[in-house]
Participant: 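Got a structure for you, questions after.
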Amino acid sequence: MTNKKWDNIGPATKSVWAGEEQSFFEGAAQVPVVNSVSYSHDDVDEWLDVALGKKQGHIYSRNTNPTVKVFEEKMRVLEDAEAATSFSTGMAAISGILFALMSPGNRIVSVKDTYGGTSFVFMDHMPRFNVDVTMCDTHDQDQIEAETLKGCDLLYLETPTNPTMKVLELKRLIAAGKKVGAIVVVDNTFATPINQNPIALGADLVVHSATKFIGGHSDALGGVVCGSNELIDKIYGFREINGATLDANSAYLLLRGLKTLKLRIDQQNANALALASFLENHNKVDSVFYPGLENNPFHEIAKEQMNGFSGMLSFSLKGGFQSVRNFLPQIRFAHRAAHLGGVETIVGPPRTTSHVELTEEQRQQLGIPETLIRCSVGIEDINDIIADFDQALDSI
Ligand SMILES: *Cc1c(COP(=O)(O)O)cnc(C)c1O
């Protein structure tokens, strides 16, 4: 790629320094939050050059903003891409990609286990514009590959998936997408650039809900897309008009969170593996879904394409939904919420969160047990997390 300057620089260093090697306004060592809607230009010719994109600078913050620009640069470097553009939320980024790049008559291939909002765009909105979407069984890599090879304009992958942590074979599926000339998109939210680098595996675009691990502190919404100059220009061109712009204050919070990305993800990887191993051997637990466990069906492929197995896991309790009712309130050190990726542990049953609108039968078809609990493991001391889960499991 075009990141020669960052060759051989590690991700922890990139997280801290990318976009921040220079000093800022009045010599500020930290990125200023620029709360200005517009930028004044005393020289008319310079104004014209900035407006025409011949000279660096800013015109209006719906388009570009200095704080937001540093965030985009840090993400660009972390994903080793030519370019990056940001959005107000992850869903704005995902729908921005689809609405910017798809046209009537196009075909998308994806999987059934994409993030709920993404599924809704595929099912309810793409068809309104005569874009056909084929959603394959997430565990069936043969079917995804075969549907892709039939010909498609965009292959949309997400891995690991919500909530049962299925892992898609990136190299193989990306190769199929490339063979038919499709744009290959990977939602890298669960993995983060620390654990998985889809662009290095051949993907054209990587998208994140920055709301999750990227920000990492559950205090800012955001989205980002990284990829080639050509594709990012098109997506930015749509975002600029559609107006789903990342706010400068949120960009600052996301930047601040990013500086500890490597530390947080390393700790969350380790904590999730320890918690998964504990749960696997507990007599109140039915099954544990975590690709870091050796007996997990996705373990080998995860080991091959990921640097870590992520801080996300899910597990099902023995008994009926009453087990969930008993267990969840007993947890001391976890938010019960529909969110993930924060420094704090977060738990929630897909039965009442992401998959609440489905019938029990539909959940069964997706392989989601009624007593499933999704867990985003935080950075707390692992002994405390395990002791806490242990005492809460006793209440069942
Ligand atoms: C949360 C999430 C999104 C959507 O992001 P928002 O910032 O909530 O709009 C997309 N993909 C995945 C995998 C997510 O977890």
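For this chain, numbers begin at 1 and follow the sequence in order. For ligands, and for the atoms within them, numbers begin at 1 and follow the listed sequence.
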Participant: Is the ring centre of Tyr290 less than 6.0 Å from the ring centre of Phe315?
Facilitator: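 Distance test on ring centres: not under 6.0 Å, no.
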Participant: Can any side-chain N or O of Ser209 pair as donor or acceptor with the backbone N or O of Gly223 at less than 3.5 Å?
Facilitator: no
Participant: Just heavy atoms, cut-off under 4.0 Å: does Leu221 contact ligand 1 by side chain, backbone, both, or neither?
Facilitator: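 It is neither part, as no heavy atom is under 4.0 Å.
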Participant: Can you tell me if Ile94 has a non-hydrogen atom under 4.0 Å from ligand 1?
Facilitator: yes
Participant: Do Phe24 and Val31 have side-chain heavy atoms sitting under 4.5 Å apart?
Facilitator: yes
Participant: Please name the pair of heavy atoms, one in Val34 and one in Thr67, separated by the smallest distance, quoted to 0.1 Å.
Facilitator: N-OG1, 2.9 Å
Participant: Could you tell me which atoms of ligand 1, counted from 1 in the order shown, lie closer than 4.0 angstrom to a heavy atom of Phe190?
Facilitator: 15 (O)
Participant: Among Ile265, Thr260, Val343, which one satisfies side-chain contact (heavy atoms from CB on, under 4.5 Å) with Ile379?
Facilitator: Val343
Participant: Regarding ligand 1, does Ser209 bring an N or O atom to under 3.5 Å of one of the ligand's N or O atoms?
Facilitator: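 Yes, at least one N or O pair falls under 3.5 Å.
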Participant: Quick check: does Lys212 get an N/O under 3.5 Å from an N/O on ligand 1?
Facilitator: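 Yes; the residue has a nitrogen or oxygen that sits under 3.5 Å from a nitrogen or oxygen of the ligand.
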Participant: Considering only protein heavy atoms, which is closest to atom 9 (O) of ligand 1, and at what distance to one decimal place?
Facilitator: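 I find the closest protein heavy atom is Met91 N, 2.8 Å.
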Participant: Provide the number and element of each atom of ligand 1 under 4.0 Å from a heavy atom of Glu158.
Facilitator: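 Checking each atom against Glu158, I get 13 (C).
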Participant: Aromatic ring centroids of Phe99 and His125 under 6.0 Å?
Facilitator: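 They do not qualify: ring centres at least 6.0 Å apart.
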Participant: Would Phe122 and Tyr156 count as a close aromatic pair, with their ring centres under 6.0 Å?
Facilitator: yes
Participant: Please state which protein non-hydrogen atom is closest to atom 8 (O) of ligand 1 and give its distance, to 0.1 Å?
Facilitator: Tyr115 OH, 3.9 Å
Participant: Quick one: nearest non-hydrogen protein atom to atom 7 (O) of ligand 1, plus distance?
Facilitator: Thr211 OG1, 2.7 Å
Participant: Tell me, which protein residue and heavy-atom name are nearest atom 11 (N) of ligand 1, and how many Å apart are they?
Facilitator: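 Nearest neighbour among protein heavy atoms for atom 11 (N) of ligand 1, to 0.1 Å: Asp187 OD2, 2.7 Å.
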Participant: Backbone or side chain, does any N or O of Gly90 fall under 3.5 Å from an N or O of ligand 1?
Facilitator: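 Yes, at least one N or O pair falls under 3.5 Å.
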Participant: Among side-chain atoms of Glu344 and Ser218, is any donor-acceptor pair under 3.5 angstrom?
Facilitator: yes
